[in-house]
Amino acid sequence: MISPAMTRQSSASKIRLPGKLVPRAFFEHPPEQVAPLLLGKLLVRRIEGRQPRNERIVAGRIVEVEAYLGPHNDPPDPAAHAHRGPTPRNAVLFGPAGHAYVYSIYGMHYCMNISCEPAGRAGCVLIRALEPVAGLREMARNRGLDPGVAARELTGGPSRLCRALGLTRAAHNGVDLLAARSPLQVRDDGFAVAEYCVTPRIGITHAADRPLRFALPGHGCVSGPRSLTGARVICVG
DNA sequence: ACTCGGATTCTCT
DNA sequence: GAGAATCCGAGTA
């Protein structure tokens, strides 16, 4: 008898993760600097099978992010969870860089961020949209959608992508994204971004005009593509 | 203890 | 374009 788990992944050897882990120093900088550099990187969720060799991955390429600044900044960023200082909820943001800050919102969704700045300072980048690159069927299943739906429906939105990757606060808040054995990682496969858009952040009421949202121009997975029209475009290099 | 509102998404009009 | 769903952290008392 052959189970789906056995046929899903070749049992020949351990799964090969795409690209290489991003170095910690990449995130030890202000989030408004890190955010645009994060575009094009991969967010990889590793899922264990019954046997170690049955591990599988669900992964997406980052195509939209927002920066949220720590309380040491002038002017401050009142839209950021960290802006009033450390609390039990936002503790991860004041810890070392490159860790996942996953919080629940509206009682039914999660959003996922990556901590920035050296330990002791807060700041983070919110991941707002991915382009699915691996585990598409599992993403659709996690989202309760039919396989074959538009990629944007899978991972175009901060809570959609958490659902697609199976991310929760209980399981993933505080996870080190830059360790070889981590179940959730940020990796670089060499994808080069030629240009990106800069716009105000979405869905906030404070500091709503600051240009701290970054996205790949014209990418179909970006949430609210209309919000990119007329946006300033920055050429890389 | 109690209130308030949110870094959203989905459905319906 | 509007409204509902639904819970917990943070601020105030």
Side-chain angles (χ1 to χ4, degrees), chain A residues 27 30-36 38-39 43 60 62-71 73 75-95 99-117 122-130 132 139-146 149-174 177 186 196-215 220-229 231:
Chain A
F27 291 100
E32 67 271 33
Q33 293 178 23
V34 176
L38 211 39
L39 295 172
L43 184 61
I62 297 170
V63 299
E64 181 188 358
V65 296
E66 286 175 358
Y68 287 87
L69 283 46
N73 286 273
D77 180 7
H81 286 184
H83 105 276
R84 293 177 196 268
T87 68
R89 176 174 66 151
N90 67 23
V92 172
L93 298 180
F94 291 84
H99 289 246
Y101 170 55
V102 182
Y103 69 92
S104 65
I105 184 69
Y106 294 112
M108 65 187 78
H109 299 300
Y110 293 105
C111 292
M112 186 259 175
N113 304 252
I114 304 175
S115 64
C116 297
E117 305 272 18
C124 63
V125 175
L126 169 71
I127 310 301
R128 285 198 58 93
L130 304 174
M139 286 186 186
R141 190 162 51 101
N142 289 345
R143 293 269 295 117
L145 302 171
D146 292 327
V149 293
R152 180 179 186 286
E153 303 301 311
L154 253 28
T155 53
S159 297
R160 286 173 165 184
L161 71 89
C162 284
R163 192 84 180 268
L165 296 200
L167 305 184
T168 64
R169 171 172 156 80
H172 302 287
N173 186 51
L177 300 167
V186 179
Y196 60 87
C197 289
V198 183
T199 81
R201 294 171 294 185
I202 303 286
I204 57 170
T205 55
H206 298 295
D209 292 336
R210 298 183 67 172
L212 293 172
R213 173 172 173 254
F214 308 87
C221 292
V222 172
S223 65
R226 300 248 301 270
S227 60
L228 292 184
T229 60

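A note on names: the letters A, B, ... follow the listed sequences, proteins ahead of strands, and every chain is numbered from 1. This one's a predicted model, so the numbers in the text were calculated from it and none came from an experiment.
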What's the [atom1]-[atom2] distance between [X] and [N], to the nearest Å?
X	N	atom1	atom2	result
A:H109	C:dA4	NE2	C1'	11 Å
A:Y101	C:dG9	OH	P	10 Å
A:Y110	C:dG9	OH	P	11 Å
A:L145	B:dC10	CG	C1'	11 Å
A:R210	B:dA7	CZ	P	16 Å
A:I202	B:dT9	CD1	P	11 Å
A:N173	C:dC8	CG	P	15 Å
A:Y106	C:dG3	OH	P	15 Å

Considering every strand and a 4.0 Å limit on heavy-atom distances, what is the contact class for A:R163: base, sugar-phosphate, or nothing?
nothing

Looking at every strand, decide which applies to A:R89 at a 4.0 Å heavy-atom threshold: base, sugar-phosphate, or nothing.
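Contact class for A:R89: sugar-phosphate only.
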
How about A:Y101 and A:H81: does a side-chain donor come under 3.5 Å of a side-chain acceptor?
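Yes.
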
Test applied, side-chain contact (heavy atoms from CB on, under 4.5 Å); reference residue, A:I114; option that passes from A:V34, A:V92, A:I127:
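It is A:I127, the one option of A:V34, A:V92, A:I127 that forms the side-chain contact (heavy atoms from CB on, under 4.5 Å) with A:I114.
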
According to the 5.5 Å centroid and 30° plane-angle thresholds, does A:Y68 stack upon the nucleobase of B:dA7?
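So A:Y68 counts as stacking on the base.
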
Has [X] got a side-chain N or O lying under 4.0 Å from the OP1 or OP2 atom of [N]?
X	N	value
A:R84	C:dG11	yes
A:R152	B:dT9	no
A:S104	C:dC7	no
A:H81	C:dG9	no
A:R213	B:dA7	no

Can you tell me how far apart CE (A:M112) and CZ (A:R169) are? Round to the nearest 0.5 Å.
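Going from the CE atom of A:M112 to the CZ atom of A:R169 covers 14.0 Å.
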
Straight-line distance of A:I105 CD1 to A:C162 SG, nearest 0.5 Å
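A:I105 CD1 to A:C162 SG: 11.5 Å, rounded to 0.5 Å.
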
Ignoring the backbone of [X], work out which of [options] is nearest its side chain.
X	options	value
A:R160	C:dA10, B:dT8, B:dT9	B:dT9
A:P158	C:dA5, C:dA10, B:dT8	B:dT8
A:S159	B:dT8, B:dA7, C:dT6	B:dT8
A:C111	B:dA7, C:dA10, C:dT6	B:dA7

Using purine N1 to pyrimidine N3 plus N6-O4 or O6-N4 for Watson-Crick, or N1-O2 and O6-N3 for G-U wobble, each under 3.5 Å, what pairs with C:dG3?
B:dC10

Pick the closest DNA chain B nucleotide for A:E153 and for A:I204 by heavy atoms, then say which residue is nearer the 5' end.
A:I204

At less than 3.5 Å, do the side-chain atoms of A:Y103 and the base atoms of B:dA7 form a donor-acceptor pair?
yes

Indicate yes or no: does A:R201 engage A:D209 in a salt bridge with an N to O separation below 4.0 Å.
no

Pairing of A:E64 and A:R213 as salt bridge, 4.0 angstrom limit
yes

